[in-house]
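This report concerns only the one structure given below.
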Amino acid sequence: MAINTFARKEIKFLLNMEQYHGLMEVIPQYMNPDKFCIGGKEYGIYNIYYDTPDDYLIRESLAKPYYKEKIRLRSYYSPASPDDTVFLEIKKKIGGIVTKRRVSMTLAESDAYLADRSKPECTKYITEQVFRELDVFLNNYPIAPKQYISYQREAFFGKDDGDFRLTFDRKITERRYDLGLNYDSYGNYIIGADQRLMEVKVSNAIPDWLVAKLSEFEIYKTSFSKYGRAYQNFVRSQIEDAQQHAGGRRIYISGISMIKNNIIMNRSV
């Protein structure tokens with residue numbers, strides 16, 4: 001049973017194709033492709049995000065608190081079979097530092113664990129520790145699958161700093177139905193075909209060469225959550241649908257405010 005843990009900063013940028021191609025011209029000088037991305041290849045990432053019945057976790061996240069957390073099930077296969085390896089992950093952000101702890105198991109084992117806490121056999125102490133953390137999370141929140149997110153990714157690692165990672169995501173796909181990794185990847189795109197979501201993942205400072213290129217191509221950081229954007233799109237569609245049937249009456253949805261067409265998540269409802 002494999003496990004991954006880390007603590008790092010994750011900084012996001014939404015690129016147009018001119019900016020993307022400009023960066024791709026210089027990246028090979030400073031970075032190596034991920035082993036799955038050699039020769040310009042990319043790989044798929046497929047996720048199920050879990051949340052409470054009232055979507056507390058994503059509403060809290062969108063309110064931008066000092067501390068936030070989420071849980072998801074991830075696969076690198078689509079559709080995943082019961083014997084395929086998946087990763088159950090807890091991701092936390094504390095004052096801008098992102099930590100992730102995850103355990104691997106088969107899709108069938110993940111279904112059993114999430115249903116009744118039946119754990120696959122494990123012998124490593126760190127694995128047991130992460131399971132205890134997962135148990136606490138699941139005891140605190142009555143979660144269920146709420147959101148599917150998938151995307152195609154290119155990934156690179158720094159030649160001089162293996163902790164420096166750069167990723168480019170496209171075809172970011174979402175849906176709030178067929179919430180299982182055993183389904184194919186389909187749904188609505190949440191960025192354009194002419195856009196790439198770039199994430200800079202570093203333990204320390206962004207390298208000087210990348211800072212210079214970000215300035216040259218006028219690339220600016222943005223706040224972007226895949227699950228958050230998908231949820232905001234869902235809420236907006238719910239509000240628009242309700243308004244069509246409200247006959248001019250005021251619309252109220254618990255936990256959500258809409259000010260000048262901007263959706264605001266209320267932390268207390």
Side-chain angles (χ1 to χ4, degrees), residues 12 14 42-62 68-82 84-91 100 102 105-108 110-111 113-115 137-138 141-154 167-199 222-245 251 253-256 258 261-263 265:
K12 300 179 182 179
L14 193 59
E42 58 187 12
Y43 58 92
I45 300 177
Y46 313 93
N47 306 279
I48 299 294
Y49 287 84
Y50 292 77
D51 213 322
T52 63
D54 63 350
D55 300 307
Y56 171 80
L57 293 173
I58 189 57
R59 289 192 293 104
E60 181 74 1
S61 175
L62 289 169
K68 58 185 178 181
E69 58 188 345
K70 60 187 174 184
I71 186 170
R72 68 189 175 201
L73 187 66
R74 169 169 289 185
S75 174
Y76 297 97
Y77 302 95
S78 180
S81 69
D84 281 334
T85 298
V86 298
F87 299 87
L88 186 59
E89 305 178 343
I90 291 183
K91 193 171 184 179
K100 184 171 78 173
R102 70 181 189 176
M105 62 193 88
T106 67
L107 179 59
S110 72
D111 289 340
Y113 173 69
L114 289 167
F137 187 101
L138 297 176
Y141 301 108
I143 62 167
K146 299 298 289 282
Q147 180 74 57
Y148 174 91
I149 299 282
S150 70
Y151 40 94
Q152 297 296 306
R153 169 167 286 182
E154 293 177 279
T167 62
F168 298 89
D169 297 337
R170 70 180 186 92
K171 296 182 69 174
I172 304 176
T173 305
E174 68 85 14
R175 65 175 186 258
R176 290 180 68 86
Y177 55 91
D178 293 344
L179 296 175
L181 294 176
N182 56 313
Y183 292 96
D184 284 314
S185 176
Y186 50 85
N188 301 312
Y189 292 152
I190 59 177
I191 64 172
D194 58 349
Q195 295 177 305
R196 297 291 185 271
L197 180 64
M198 180 178 77
E199 294 188 44
T222 186
S223 176
F224 192 104
S225 160
K226 298 180 183 78
Y227 180 17
R229 179 66 63 90
Y231 180 69
Q232 287 176 319
N233 290 346
F234 164 71
V235 169
R236 184 172 285 108
S237 69
Q238 294 291 101
I239 292 174
E240 291 173 352
D241 182 66
Q243 287 174 336
Q244 289 179 2
H245 298 88
I251 301 300
I253 299 178
S254 178
I256 299 166
M258 195 164 186
N261 292 322
N262 293 318
I263 296 172
M265 301 299 155

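Computed from a prediction, not measured in an experiment: that's the story for all the values here. The first residue of the sequence shown is numbered 1, and numbering continues consecutively from there.
A distance-only check finds a donor-acceptor pair linking the side chain of D51 to the backbone of Y56 [under 3.5 Å]. No side-chain donor-acceptor contact under 3.5 Å links R176 to the backbone of A230. Judged purely by atom type and a 3.5 angstrom limit, Q147 uses its side chain to pair as donor or acceptor with the backbone of R175.
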Could you give me the CA-CA distance, side-chain angles and deciding distance for Y50 and L138, then say whether side-chain contact (heavy atoms from CB on, under 4.5 Å) is met? CA-CA 10 Å; Y50 292 77; L138 297 176; over 6 Å; no
Given side-chain contact (heavy atoms from CB on, under 4.5 Å), test I149 with Y49 step by step and report yes or no. CA-CA 8 Å; I149 299 282; Y49 287 84; 3.7 Å; yes
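Contact check for Y46 versus P79: no side-chain heavy atoms found under the 4.5 Å cut-off. Here the side chains of Y76 and D84 are not in contact, with every heavy-atom distance at 4.5 Å or above. Residues L14 and I191 are in side-chain contact: their nearest non-hydrogen atoms beyond the backbone lie under 4.5 Å apart. The closest side-chain heavy-atom distance from K70 to L57 is not below 4.5 Å. At least one side-chain heavy atom of L73 sits under 4.5 Å from a side-chain heavy atom of L107. Side-chain contact between L88 and S110 is absent, with no heavy-atom pair separated by less than 4.5 Å.
Using a 4.0 Å cut-off between charged nitrogen and carboxylate oxygen, K68 and E60 do not count as a salt-bridge pair. Using a 4.0 Å cut-off between charged nitrogen and carboxylate oxygen, K171 and E42 do not count as a salt-bridge pair.
Expressed to the nearest 0.5 Å, how far CZ of R196 lies from CD1 of I172 amounts to 9.5 Å. One finds the OG1 atom of T222 at 11.5 Å from the CE atom of M198 (value rounded to the nearest 0.5 Å). Separation of atoms CG (D194) and CZ (R170) is listed at 12.5 Å; rounding is to 0.5 Å. Considering OG1 of T167 and CG of L197, their distance stands at 7.0 Å, rounded to 0.5 Å. With rounding to the nearest 0.5 Å, the separation of CZ in R102 from CD1 in I90 is 13.5 Å. Of the inter-residue distances, the one linking M105 atom CE with L114 atom CG reads 7.5 Å to the nearest 0.5 angstrom.
For Y43, the OH atom sits in a packed shell: over 12 heavy atoms of surrounding residues, nucleotides or ligands are nearer than 6.0 Å.
Taking the six-membered ring where the residue is Trp, Y177 and Y186 present tilted rings, their angle falling between 30° and 60°. Relative orientation of the Y231 and Y227 rings is perpendicular, given thresholds of 30° and 60° on the angle between their planes.
Nearest approach of L181 to S75, heavy atoms of both residues: CD1-CB, 3.8 Å. Closest approach of P145 and L179 over heavy atoms only: O-CD1, 3.2 Å. In plain terms, the two heavy atoms of P142 and P53 that are nearest each other are O-CD, 3.3 Å.
Under the side chain to side chain donor-acceptor pair (under 3.5 Å) criterion, K146 pairs with D55, sequence neighbours left out.
The only option from R74, K226, E174 that meets the side-chain contact (heavy atoms from CB on, under 4.5 Å) definition with N47 turns out to be R74.
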